[in-house]
Visitor: 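Below is a structure I'd like to ask you about.
Proteins come first, then strands; the chains are lettered A, B, ... in the order of their sequence lines, and each starts at number 1.
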Protein chains: 2
Amino acid sequence: MDAEKPLVDQSGRALGPRAVQTRERLLEATAELLSKRSVREIRVVEIARKVGTSPATFYQYFKDVEEAALRLAEQAAEEMPALAKLFDGTWQGKKAIETSRTIVAEFIRHWDEHRAVLLLRNLEADEGNRRFMRVRRNALTPILEQIAARIKEGQAAGQVTRDINAYAAAAALASILERLSAYHKELEHFGVTRDDLVETCARILLQTVTGKA
Amino acid sequence: MDAEKPLVDQSGRALGPRAVQTRERLLEATAELLSKRSVREIRVVEIARKVGTSPATFYQYFKDVEEAALRLAEQAAEEMPALAKLFDGTWQGKKAIETSRTIVAEFIRHWDEHRAVLLLRNLEADEGNRRFMRVRRNALTPILEQIAARIKEGQAAGQVTRDINAYAAAAALASILERLSAYHKELEHFGVTRDDLVETCARILLQTVTGKA
DNA sequence: CAAAAATCTGATATAGCGTCAGATTTCTCT
DNA sequence: AGAGAAATCTGACGCTATATCAGATTTTTG
């Protein structure tokens, strides 16, 4: 399924086992720092120190911190196809809300796990950075396709109005999913718990996708 | 209505007219650069050069580029109360969809105008930067309150399910609104026009707020 | 185990940040 | 108008982090 992509250093040479491991540890350290502070505040020296190596080593594998972040975003994206599969569950009758809930909960879990990297990915993508746009598109396309497919089914069955565009609605729903984990702390100001959030989102998803109240 | 807040420089002294003008030009230059490249890539020297002054002058008025961005976010937030007022339009009968459409269109316009600054504001807020969190909360609260109020009306009238939490739903809808302009270019890949987007969002907003299909 | 390949790092030039003392401009008062 | 005061601006500089490269160190190979 996935061909072994050969990792290379900055000069294009393939990496041996030791190098692969060093690179991986640099990525882990970067992820950890990214979840603590903003990219701008991350010093390459610090990443290196965390791994017990020198800045020069970092530059052997990555052009800059941004490139390391890009690789992390690619790793996170690998979880998406599994997540998209959840849409294959039933959308008929009482079980439909459970399908919807599972998807929402899984999506939030994915975000909680990769929060810092995904936020950065989206910022860069929104700012027009092509490489991050590509990663985001690759990550979201399976989800968008699935939502859009369900909406089209709903429209074909006459349950969902044809005034909405399936892809636009899919993007809107994906936006909700993407932004929820980021908001959930602020929402506590309004007395909204995480469960409220999951349930509410699940209802909006279900309603928009199937037309059911 | 709004008391004149006295502007001050880094050492706390009030600004005279010349200084106010210089500060304003520095802010404009910052906004312009922010819309061209990422914060990380903005050099203070460059902002200064654009205004025909020196870096030291910039530091007279702002602690760093982030602070200038914060001030820009505060300026953008001043548009929100007017936007929130749009929710006072009718939500009864056929006109309801027009109210919804107007809100969505205005929100997107606001984002198109302040895109770079708002994206940065959200990234910083998501990363836990208190000052940006405050600005975002101040900006969004009027909108959230309005949406939540409509939903509660819908629930009281028995049109909207009580399984959803009004504030969570409001936040979800605000997320859609906030993220749409950022997406609209990528959505063209899927053949979604801006009008599709406005219409689809307006429908989701209407449906969630009033329970109407 | 010596030579070759792979990997790592000390040293460094380069560049932007942020500060401050003092220069320049504008204002005030007679 | 013009001297002194206040406001505003800037040149110069010390500091920190980036990013590179030649060469040192470690691992692999035959």
Side-chain angles (χ1 to χ4, degrees), chain A residues 4-30 32-34 36-71 120 124 129 131, chain B residues 4-30 32-34 36-71 120 124 129 131:
Chain A
E4 286 301 310
K5 41 198 165 174
L7 295 173
V8 296
D9 71 7
Q10 283 308 94
S11 62
R13 216 202 327 272
L15 302 188
R18 180 163 56 130
V20 168
Q21 197 187 330
T22 303
R23 199 192 96 114
E24 193 54 40
R25 281 191 296 148
L26 285 167
L27 277 179
E28 279 164 26
T30 305
E32 204 175 319
L33 285 170
L34 265 179
K36 285 215 193 71
R37 70 196 71 174
S38 130
V39 202
R40 265 174 307 151
E41 291 159 355
I42 292 180
R43 305 287 151 236
V44 172
V45 190
E46 222 174 344
I47 299 174
R49 199 164 31 218
K50 244 179 141 60
V51 172
T53 182
S54 74
T57 300
F58 179 91
Y59 288 108
Q60 185 121 35
Y61 300 111
F62 308 104
K63 198 175 135 290
D64 49 29
V65 178
E66 177 184 308
E67 184 176 314
L70 183 72
R71 297 284 104 83
L120 178 58
E124 290 290 337
N129 185 317
R131 302 196 300 173
Chain B
E4 286 300 312
K5 41 196 168 178
L7 296 173
V8 296
D9 70 8
Q10 283 309 94
S11 61
R13 215 200 330 271
L15 302 188
R18 181 164 53 132
V20 168
Q21 198 187 331
T22 302
R23 200 192 96 114
E24 193 53 41
R25 281 193 295 150
L26 285 166
L27 277 178
E28 279 164 25
T30 305
E32 204 175 320
L33 285 170
L34 266 178
K36 285 213 192 71
R37 72 196 70 175
S38 131
V39 203
R40 266 174 306 153
E41 292 159 354
I42 293 180
R43 304 287 151 236
V44 173
V45 188
E46 221 174 345
I47 300 175
R49 198 161 35 219
K50 243 178 142 59
V51 172
T53 182
S54 74
T57 300
F58 179 92
Y59 288 107
Q60 185 122 34
Y61 300 111
F62 308 104
K63 197 177 135 287
D64 50 28
V65 178
E66 178 184 308
E67 183 176 314
L70 183 72
R71 297 284 105 82
L120 179 57
E124 290 290 338
N129 185 317
R131 302 196 301 171

Visitor: Counting side-chain heavy atoms from CB outward, which of D:dT26, D:dT8, C:dT9 is closest to B:Pro17?
Guide: D:dT8
Visitor: Which whole-number value in Å describes the distance from B:Lys63 NZ to C:dC17 P?
Guide: 13 Å
Visitor: B:Gln10 CD to D:dT10 P: how many Å, rounded?
Guide: 17 Å
Visitor: Using the side-chain heavy atoms of B:Thr53, tell me which of these nucleotides is nearest: C:dA6, D:dC9, C:dT9.
Guide: D:dC9
Visitor: Which heavy atom of A:Ala69 sits nearest to which heavy atom of A:Leu34, and what is that distance?
Guide: CB-CD1, 4.2 Å
Visitor: With a 4.0 Å limit, can you tell me whether B:Tyr59 has a side-chain N or O closer than that to the phosphate oxygens OP1/OP2 of C:dT19?
Guide: no
Visitor: Does this structure show an ion pair linking A:Glu46 with A:Lys50, if we count only N-O contacts that are shorter than 4.0 Å?
Guide: no
Visitor: Can you tell me if B:Thr22 touches the phosphate of D:dT8, counting only side-chain N or O atoms and a distance under 4.0 Å to OP1 or OP2?
Guide: no
Visitor: Could you please name the option among D:dA17, D:dC9, D:dT27 that lies closest to any side-chain atom of A:Arg43?
Guide: D:dA17
Visitor: Starting at atom CD1 of B:Ile47, determine the distance to atom P of D:dC9, rounded to an integer number of angstrom.
Guide: 15 Å
Visitor: Counting C-beta onward and ignoring hydrogens, is there a side-chain heavy-atom pair between A:Asn129 and A:Glu66 closer than 4.5 Å?
Guide: yes
Visitor: Check the distance between C:dA6's C1' and A:Leu15's CG and give it to me in whole angstrom.
Guide: 10 Å
Visitor: Would you mind reading off the distance between A:Gln60 atom CD and D:dA22 atom P, rounded to a whole angstrom?
Guide: 13 Å
Visitor: At less than 4.0 Å, is any side-chain N or O atom of B:Thr57 found next to OP1 or OP2 of D:dT8? Yes or no.
Guide: no
Visitor: Once you round it to whole Å, what is the distance between C1' of D:dT18 and CZ of B:Arg40?
Guide: 14 Å
Visitor: Does C:dC8 have OP1 or OP2 under 4.0 Å away from a side-chain N or O of A:Tyr61?
Guide: yes
Visitor: Is the closest side-chain heavy-atom distance between A:Val65 and A:Ile47 below 4.5 Å?
Guide: yes
Visitor: Less than 4.5 Å apart, any side-chain heavy atom of B:Glu67 and any of B:Tyr61?
Guide: no
Visitor: Mind calculating the distance between CD (A:Glu41) and P (D:dT16) to the nearest angstrom?
Guide: 17 Å
Visitor: D:dA6 C1' sits how many Å from B:Arg18 CZ, rounded?
Guide: 11 Å
Visitor: Base, sugar-phosphate alone, or nothing: which one does A:Ala56 contact when heavy atoms must sit under 4.0 Å apart?
Guide: base
